[in-house]
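Below you'll find the structure, written out as structure tokens, and then a few comments.
These numbers come from the heavy atoms of this one structure, side chains and all, not from hydrogens, waters or symmetry mates.
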Amino acid sequence: MDVEPWLIAGLGNPGPQYAANRHNVGFMVADLLGQRIGGTFKSHKSRAMVLEGRLGAPGTGGPRVVLAKPMTFMNLSGGPVTALSTFYRVPPERLVVVHDELDIGYGTLRLKRGGGDNGHNGLKSVTASLGRDYHRVRFGIGRPPGRMDVAAFVLKDFTPAERKELDYFVDRAADAVEALVRDGLERAQSAFNS
């Protein structure tokens, strides 16, 4: 039985004006995992919304997790994630960061441990605080069309066509997080990396 919790941090920007942005897909996955656990996010002194529980069906004694949504802006995510890692005594190898990824197609998932930040300001902030040796669940949002600025693209809502499949892809990403925590990285990669 796992006694040490996993920390699952979904990255995004706080505030209703950002809620449906591509950059907030990490929050969407964290919210769905919270619904599955059956709890409510509460404010934590680390400047994050936090929900503690167990993954899996209620009463099954699944792995202990702390779900987190940093309430700083994306480029300052490392502060709250580091504070939570310290508070809950979670080593980097038990940290999962869920984030949007420009360089893979919309809805495609890639799970990995370590690596660079690929220009992602949230990852840059987490890596600056904790090093690279944490797990990532990368949720593909694709590249901006034409010459659209990347910053403008990630802060736009998903298109109506993308929204038709968004719930399915968020559900799949939540499944991938559960598989990573429950079954380990390699088994989760073979099931979800496409």
Identify the heavy atoms of Pro5 and Val66 that sit nearest to each other, and give their distance.
CB-CG2, 4.2 Å
Would Asn21 and Asn13 count as having a side-chain donor-acceptor pair, cut-off 3.5 Å?
no
Compare all side-chain heavy atoms of Arg113 with those of Glu93 and state whether any distance is below 4.5 angstrom.
yes
Could you see if Phe41 belongs to whatever hydrophobic cluster contains Val97? Use Ile, Leu, Val, Met, Phe, Trp, Tyr and a side-chain cutoff under 4.5 Å.
no
So Val154 and Asp100, do their side chains get closer than 4.5 Å, heavy atoms only?
yes
Within the side chain of Arg54, is there an N or O that forms a donor-acceptor pair under 3.5 Å with the backbone of Gly62?
yes
Would you please say whether a donor-acceptor pair under 3.5 Å links the side chains of Tyr106 and Glu165?
no
Give a yes or no answer on whether the side chain of Gln189 reaches the backbone of Leu111 with a donor-acceptor pair at less than 3.5 Å.
yes
If you compare all heavy atoms of Ala68 against all heavy atoms of Ala30, which two are closest, and at what distance to 0.1 Å?
O-CB, 4.4 Å
Say you draw a straight line from CZ of Arg172 to CG of Asp175; how long is it, rounded to the nearest 0.5 Å?
8.5 Å
Report the distance from atom OG1 of Thr40 to atom CE of Met49, rounding to the nearest 0.5 Å.
9.5 Å
What's the separation between atom CG in Leu55 and atom CG in Leu33, rounded to the nearest 0.5 Å?
6.5 Å
Partner set under salt bridge (Lys or Arg N to Asp or Glu O under 4.0 Å) for Asp117, not counting sequence neighbours:
none
For Glu178, enumerate each residue passing the salt bridge (Lys or Arg N to Asp or Glu O under 4.0 Å) test, keeping only those at least two apart in sequence or located in another chain.
Arg36, Arg182
Indicate, with yes or no, if Phe169 and Val98 share a hydrophobic cluster defined by side-chain heavy-atom contacts under 4.5 Å among Ile, Leu, Val, Met, Phe, Trp and Tyr.
yes
Other residues, nucleotides, ligands: >12 heavy atoms within 6.0 Å of Arg187 CZ:
no
Side-chain ion pair, Lys69 and Asp31, N-O less than 4.0 Å:
yes
Around atom CD of Gln17, are there more than 12 heavy atoms of other residues, nucleotides or ligands at under 6.0 Å?
yes
Worked verdict on Arg94 versus Glu4 for side chain to side chain contact (heavy atoms under 4.5 Å, CB included)
CA-CA 9 Å; Arg94 291 179 79 86; Glu4 283 187 327; 3.5 Å; yes
In this structure, would Val177 and Ile104 fall into the same cluster of hydrophobic residues linked by side-chain contacts under 4.5 Å?
no
Within this structure, what is the OG-NZ distance for the pair Ser129 and Lys124, rounded to the nearest 0.5 Å?
13.5 Å
Kindly work out whether a path of hydrophobic side-chain contacts (I/L/V/M/F/W/Y, heavy atoms less than 4.5 Å apart) joins Ile8 to Val126.
no
Strictly distance-based, threshold 3.5 Å: is any side-chain N or O of Thr127 a donor or acceptor partner for the main-chain N or O of Leu123?
yes
State plainly whether one hydrophobic cluster holds both Val65 and Leu95, where clusters connect Ile, Leu, Val, Met, Phe, Trp and Tyr through side-chain heavy atoms under 4.5 angstrom apart.
no
Are any non-hydrogen side-chain atoms of Trp6 and His135 less than 4.5 angstrom apart?
yes
Contact check, side chains of Asp103 and Asn118, non-hydrogen atoms, under 4.5 Å
yes
Using ring-ring contact (aromatic ring centres under 6.0 Å, His included) as the criterion, list what pairs up with Phe87, not counting sequence neighbours.
His44
Decide yes or no for His99 and Arg138: does some side-chain heavy atom of the first lie under 4.5 Å from some side-chain heavy atom of the second?
yes
What pairs with Glu162 under salt bridge (Lys or Arg N to Asp or Glu O under 4.0 Å), at least two apart in sequence or on another chain?
Arg22
Whether Thr108 side chain and Gly105 backbone form a donor-acceptor pair below 3.5 Å:
yes
Could you tell me if Tyr134 and Ser85 have a donor-acceptor pair between their side chains, going purely by distance under 3.5 Å?
no
Let's go through Leu180 and Phe192 carefully: what are the C-alpha distance in whole Å and the side-chain angles of both, what is the deciding distance for side chain to side chain contact (heavy atoms under 4.5 Å, CB included) to 0.1 Å, and is it a yes or a no?
CA-CA 10 Å; Leu180 170 60; Phe192 291 93; over 6 Å; no
Start with the C-alpha gap between Leu11 and Phe27, add the side-chain angles, then the distance that decides, and say whether side chain to side chain contact (heavy atoms under 4.5 Å, CB included) holds.
CA-CA 6 Å; Leu11 300 188; Phe27 277 12; 5.7 Å; no
Under 3.5 Å, which donor-acceptor pairs do the side chains of residues 70-82 form with other protein atoms, sequence neighbours left out?
from: Thr72; atom 1: OG1; to: Leu76; atom 2: O; distance (Å): 3.2
from: Ser77; atom 1: OG; to: Met74; atom 2: O; distance (Å): 2.7
from: Thr82; atom 1: OG1; to: Gly78; atom 2: O; distance (Å): 2.7

Is there a donor-acceptor pair closer than 3.5 Å between any side-chain N or O of Arg110 and the backbone N or O of Asn193?
no
Shortest non-hydrogen contact from Gly53 to Ile37?
CA-CG2, 4.0 Å
So how far is it from Asn24 CG to Tyr18 OH, rounded to the nearest 0.5 Å?
9.5 Å
Rounded to the nearest 0.5 Å, how far does CZ of Phe158 lie from CD1 of Ile141?
6.5 Å
Within 6.0 Å of NZ in Lys112, more than 12 heavy atoms from elsewhere
yes
Could you walk me through whether Leu67 and Val50 pass the side chain to side chain contact (heavy atoms under 4.5 Å, CB included) test, one step at a time?
CA-CA 6 Å; Leu67 299 176; Val50 169; over 6 Å; no
Who passes salt bridge (Lys or Arg N to Asp or Glu O under 4.0 Å) against Arg136, sequence neighbours left out?
none
